[in-house]
Amino acid sequence: MPSSFHTPSIPSFKQRSEEQRLQIARASWWSRLELPTWGLIAAIYGGWLACVLHWQALGPWLGTPLLIVLSAWYMSLQHELIHGHPTRNARLNALFGQLPLAVWYPYAVYRDSHLAHHNSDTLTLPGIDPETYYVSQAETGAYGARLRRFRNTSSGRLLIGPALAWSHTVRTAWLARDRKTLLVWGGHAVLLAAMLALLQRAGISPLFYIAAIAYPALSLTMVRSLFEHRAVESEHGRSVINEAGWPWRLLFLNLNYHLVHHLHPGLPWFHLRLAYLAKRETYLACSDGFVERGYLRLLWRYRSTPVITDVHPFA
């Protein structure tokens with residue numbers, strides 16, 4: 001007599017719900033070992049070094065854009081290191097972010113500034129949030145109104161945004177001039193000098209690297225922060241959800257889902273998209289309408305119009 005029992009089919013990973021995929025991914029051995037982040041470290045350092053050592057073969061027309069992308073990608077990696085990946089040892093993570101591939105900031109300065117930025121109660125407030133692009137009523141004379149307006153357009157953010165941000169950071173360090181600041185910036189200067197010497201030996205002029213690679217790399221990074229936060233009463237409505245395409249997601253390590261990152265700052269980059277897709281409707285409702293559909297249309301829409309009003313409405 002034929003059996004009436006049959007073996008139920010097990011759904012594949014792609015057939016499962018987004019929430020089930022996230023649970024499976026978080027429980028996997030490669031996730032617990034943070035292999036995607038270790039691979040990222042190898043890819044960025046290996047790619048950067050390969051470009052430098054093979055600069056003569058690549059030539060500036062190919063080598064320059066590769067180094068720009070790798071340097072911008074490195075800044076995304078530094079952000080991941082700051083948030084406790086790939087290890088739980090902050091000092092070990094910091095070792096992978098110390099080299100000044102992106103030139104402008106010591107890792108410790110970026111780390112301290114960014115962790116202060118993650119206070120949800122003071123997000124976007126000038127004088128408190130170190131990553132805000134708003135000024136208070138009392139600070140309106142810090143830059144001319146026209147300069148502030150231009151800085152908050154996509155054109156201005158890409159052209160003068162890096163220079164203004166770096167000069168502000170250097171000025172802050174100069175005003176502090178305490179022992180910790182001197183050690184941090186002194187160590188950064190030593191590492192930068194050694195890196196520029198290596199570049200010179202490889203046939204890359206230090207001035208060319210700073211002006212034609214490091215500066216555009218910081219501009220590229222600022223594409224993500226162009227409209228990343230806004231000043232509104234709703235706490236969760238201050239951080240954007242940008243449903244960008246995969247090249248941007250990879251470059252920014254899924255920080256386009258910025259609201260998800262601020263709600264779960266310890267979540268590794270390779271889980272952010274899964275976490276977003278698992279509860280997409282909830283996050284969209286939580287965002288209070290702060291949703292974008294990609295970076296290119298954002299850049300075009302605000303090419304001459306400021307993305308935010310420069311004066312904070314509540315400060």
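To the nearest 0.5 Å, atom CG of residue Leu81 and atom OH of residue Tyr74 are 7.5 Å apart. Once rounded to the nearest 0.5 Å, the distance linking OG of Ser71 with CD1 of Ile44 reads 9.5 Å. Annotation: the span from Tyr276 atom OH to Leu263 atom CG amounts to 12.5 Å, rounded to 0.5 Å. Atoms CD and CG, from Gln78 and Asn93 in turn, are 12.0 Å apart once rounded to the nearest 0.5 Å. Between Arg151 atom CZ and Leu164 atom CG the span is 6.5 Å, to the nearest 0.5 Å. A distance of 10.5 Å separates OH of Tyr134 from CG of Leu125, quoted to the nearest 0.5 Å.
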Q: Start with the C-alpha distance between Leu220 and Leu158, add both sets of side-chain angles, then the distance that settles side chain to side chain contact (heavy atoms under 4.5 Å, CB included), and finish with yes or no.
A: CA-CA 7 Å; Leu220 183 57; Leu158 298 180; over 6 Å; no

**Q.** Trace of the side chain to side chain contact (heavy atoms under 4.5 Å, CB included) decision for Leu255 with Arg249
**A.** CA-CA 7 Å; Leu255 285 177; Arg249 297 200 304 267; over 6 Å; no

Q) Passes side chain to side chain contact (heavy atoms under 4.5 Å, CB included), Leu70 versus Tyr45? Steps please. A) CA-CA 8 Å; Leu70 286 165; Tyr45 274 108; over 6 Å; no

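The two atoms that bring Ala102 and Met75 nearest to each other are CB-CG, 3.6 Å, heavy atoms only. Between Ala231 and Pro313, the shortest heavy-atom distance links the atoms CB-CD, 3.6 Å.
In this structure, Leu62 shares a hydrophobic cluster with Leu58, Leu66, the cluster being traced through Ile, Leu, Val, Met, Phe, Trp and Tyr side chains under 4.5 angstrom apart.
If you check the side chains of Ser225 and Glu228, you find no donor sitting under 3.5 Å from an acceptor. Checking Thr124 against Asp129 by side-chain atom types alone, no donor-acceptor pair falls below 3.5 Å. Side-chain atoms of Thr132 and His229 include no donor-acceptor pair closer than 3.5 Å. Side-chain atoms of His85 and His79 include no donor-acceptor pair closer than 3.5 Å. Between the side chains of His83 and His118, at least one donor-acceptor pair of N or O atoms lies under 3.5 Å.
For the pair Arg157 and Tyr133, the cation-pi criterion (under 6.0 Å, within 45° of the ring axis) is fulfilled. A cation-pi geometry, defined here as NZ or CZ lying under 6.0 Å from the six-membered ring centre and within 45° of its normal, does not hold between Arg273 and Tyr257. A cation-pi arrangement is present between Arg177 and Trp174 under the rule of less than 6.0 angstrom and at most 45 degrees off the ring axis. Cation-pi contact between Arg303 and Trp300: present, with separation from the ring centre below 6.0 Å and deviation from the ring axis of at most 45°.
Screening residues 287-296 for side chain to side chain donor-acceptor pair (under 3.5 Å), with sequence neighbours left out, gives Glu243-Arg293, Glu292-Arg301. The salt bridge (Lys or Arg N to Asp or Glu O under 4.0 Å) contacts involving residues 71-86 comprise nothing, where partners must be two or more places apart or lie in separate chains.
A 6.0 Å sphere centred on CH2 of Trp48 holds more than 12 heavy atoms belonging to other residues, nucleotides or ligands.
Annotation: side chain of Arg224 is not in contact with side chain of Asn256 (no heavy-atom distance under 4.5 Å). Between Ile204 and Leu67, the closest side-chain pair of non-hydrogen atoms falls below 4.5 Å.
The aromatic rings of His312 and Phe314 sit perpendicular to each other, their planes meeting at more than 60°, with 30° as the lower class boundary.
Under the 6.0 Å cut-off for aromatic ring centres, Phe96 and Trp38 qualify, their centroids lying closer than that.
Transitive grouping of hydrophobic side chains (ILVMFWY, heavy atoms separated by less than 4.5 Å) brings Trp166 and Tyr110 into a common cluster.
Salt-bridge check for Asp310 with Arg146: failed, with every basic side-chain N at 4.0 Å or more from each acidic carboxylate O.
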